[in-house]
Structures are given as structure tokens and as C-alpha cells.
Amino acid sequence: MSDESRPSPAQPPLAPAGAPVAAVIPAAGRGVRLGPGAPKALRALNGTPMLIHAVRALAASRHVSLVIVVAPPDGAAEVKSLLDAHELPGSSTDFLVVPGGESRQESVRLGLAALPPEYGVVLVHDAARPLVPVDTVDAVIEAVRDGAPAVVPALPPADTVKEVEPAAEPGAPEPVVATPERARLRAVQTPQGFDRATLLRAHETVTDDVTDDAGMVEKLGLPVVTVPGHEEAFKVTRPLDLVLAEAVLARRRLNDGF
Ligand code: C5P
């Protein structure tokens, strides 16, 4: 049998079925687009800091056994006491807090530096997405455990998207360069899930500016796949998003007493 016709041996999954799962939550951003005030992750939603909602959302998955919170550089002590003050009843999840950096990418890298060796699957989740449902978290974990090196939850965009030549002045008219076919576009959310070695390699080798971790894995030439995202996993970015987030929490409270 020639080499070409010999079936290639099955590749073992990158992160085996039972691999322990850790989550890194970058929460060090200022949240300038939300207006003046405390760092975004520490602002309250229905009386509870956004970060605490995000931590609870990930700890709600029975697969996640460690959450590493990347705090504002001068706010690690405050974040530690917030986590202590909002203990999660019945949760066996462990927590670590590390100070973050100047960019999201640097904050994630600092979080990964604190990752103990036994965790084969790593999620990276924005503190600014406090309401992600546990089913979305579990779908990402399952896809990584099934052998995907990188997984992103994604939704088809409601709007048509244009590529433009950005204007120097904010608000000035911008020439449209292209209209990508909407059916082929997806808006991606977090948590993004990774085989540990793949994510560490991406953060060691990719230095270009990227807005998500999966983008770094793409730059390594490795496959990234999507799973269905969820409309409640939206990112709290602008003041109206706070109103929407509080409305979602109020609806949950009505529906299931959460
Ligand atoms: O920048 P953006 O608002 O998209 O932030 C996404 C997430 O990255 C937020 O949870 C934010 O706190 C975090 N971030 C960070 N360190 C930075 C900038 C953003 O941890 N320097």
C-alpha cells in the first residue's frame, strides 16, 4: 500500500473528553463608551457588579472548575473582596484574581500566565457579557472537548454590514468600499473556547492587534469553528445596553425567580 492510499491514523482529540476546564475573564477595561464612572466590570446591574454576574454565568457550568478574573491593574484587592462578598452557594469552582494590562490581549495573556497545568480546556469570556446562558457555555466546552482547537459562539447579524474607508474626523461621511454578503457573516461572542496548548501558542506568537482570541488562532492557520450564540450574550458597551441588561434580569426574575 502506498503512503498516499494508507488511511491516516485517527488524530486524538486535542483536549480529551474529561479535560478540566478553566475560564479567564478579562475585566480590566475602563469602558469609556459607557460614559464616566467606575471600570465597566465593576458597574452594577440590578445592584450586583457586572463582573459578579459574569463569574456566576461561567461558574454555573458544572464543567468549569476554575475562574481566573483579570482585574483592573489597580483594582485586584477590590475584586478579591467583591468575590468574597458574593460567594456562590453550593459552587465548587475555585477563583484566582490577577491584575490586568493596557489592552484586552495583554489582560488575557496575564490571566493565562496564572493558569495551572492541569487545565486542558480554556474559555475566555468578557466580563462585559454578564448574561451569557449556561447552555451557550456548555456548547462551547463540548465542541472543544470534541476536538476543535478553537470555538466561538456566533449569531447571524441583523444588519447589513458595509466595509468603509474610515474618516479621520468622527461623524464625517465615509466612502463605502464593499458590502460583504450578509448570509456569510457572523457576529461572534464569548466565551470562546480553546485547547489549552493552542491558545498559549497563539498568545506567545501573535503580536498583531486583534479584537478576539480566536482571531489569534486563525493567524496561526488553525481551524476555528462556530457554535450557535445567544442574544442574551450581548456585550454591554453603551448606556442603552445597561437598560437592556437590567430588563433581561427582570424578565429572568419573573420567569424563574432567578
Ligand atoms: O474593549 P471591550 O469593551 O471590548 O472589552 C472587552 C473585555 O475586555 C471587557 O470585559 C474588558 O473589561 C476587557 N479588557 C481588559 N483589559 C483591557 C481592556 C479590556 O481586561 N485593557
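Numbering of ligands and ligand atoms starts at 1, following listing order.
Defined by atom type and a distance below 3.5 Å, a donor-acceptor pair is present between the side-chain atoms of H203 and D213. Counted by atom type alone, H63 and R145 present one or more donor-acceptor pairs between their side chains at under 3.5 Å.
Listed by chain and number, the residues in a side-chain hydrogen bond (donor to acceptor under 3.5 Å, both in side chains) with K162 are T179 (sequence neighbours excluded). Judged as a salt bridge (charged side-chain N to carboxylate O under 4.0 Å, His left out), and not counting sequence neighbours, the contacts of K219 are D208.
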Anything under 3.5 Å between an N or O on ligand 1 and a protein N or O? List each pair with its distance, or write none.
{"residue": "ligand 1", "atom": "3 (O)", "partner": "R33", "partner atom": "NH2", "Å": "3.4"}
{"residue": "ligand 1", "atom": "3 (O)", "partner": "K40", "partner atom": "NZ", "Å": "3.1"}
{"residue": "ligand 1", "atom": "4 (O)", "partner": "K235", "partner atom": "NZ", "Å": "2.5"}
{"residue": "ligand 1", "atom": "10 (O)", "partner": "P26", "partner atom": "O", "Å": "2.7"}
{"residue": "ligand 1", "atom": "10 (O)", "partner": "A127", "partner atom": "N", "Å": "3.1"}
{"residue": "ligand 1", "atom": "10 (O)", "partner": "A128", "partner atom": "N", "Å": "3.3"}
{"residue": "ligand 1", "atom": "12 (O)", "partner": "A28", "partner atom": "N", "Å": "3.3"}
{"residue": "ligand 1", "atom": "12 (O)", "partner": "G29", "partner atom": "N", "Å": "2.9"}
{"residue": "ligand 1", "atom": "14 (N)", "partner": "G29", "partner atom": "N", "Å": "3.4"}
{"residue": "ligand 1", "atom": "16 (N)", "partner": "S107", "partner atom": "OG", "Å": "2.7"}
{"residue": "ligand 1", "atom": "20 (O)", "partner": "A27", "partner atom": "N", "Å": "3.3"}
{"residue": "ligand 1", "atom": "20 (O)", "partner": "A28", "partner atom": "N", "Å": "2.8"}
{"residue": "ligand 1", "atom": "20 (O)", "partner": "S107", "partner atom": "OG", "Å": "3.3"}
{"residue": "ligand 1", "atom": "21 (N)", "partner": "G101", "partner atom": "O", "Å": "2.9"}
{"residue": "ligand 1", "atom": "21 (N)", "partner": "E102", "partner atom": "O", "Å": "3.1"}
{"residue": "ligand 1", "atom": "21 (N)", "partner": "S103", "partner atom": "N", "Å": "3.4"}
{"residue": "ligand 1", "atom": "21 (N)", "partner": "S103", "partner atom": "O", "Å": "3.4"}

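Look at R104 and D126 and you find a salt bridge, because one of the NZ, NE, NH1 or NH2 atoms lies within 4.0 Å of a carboxylate O, short of that distance.
Its side chain within the 4.5 Å cluster rule, V164 clusters with V176 among the Ile, Leu, Val, Met, Phe, Trp and Tyr residues.
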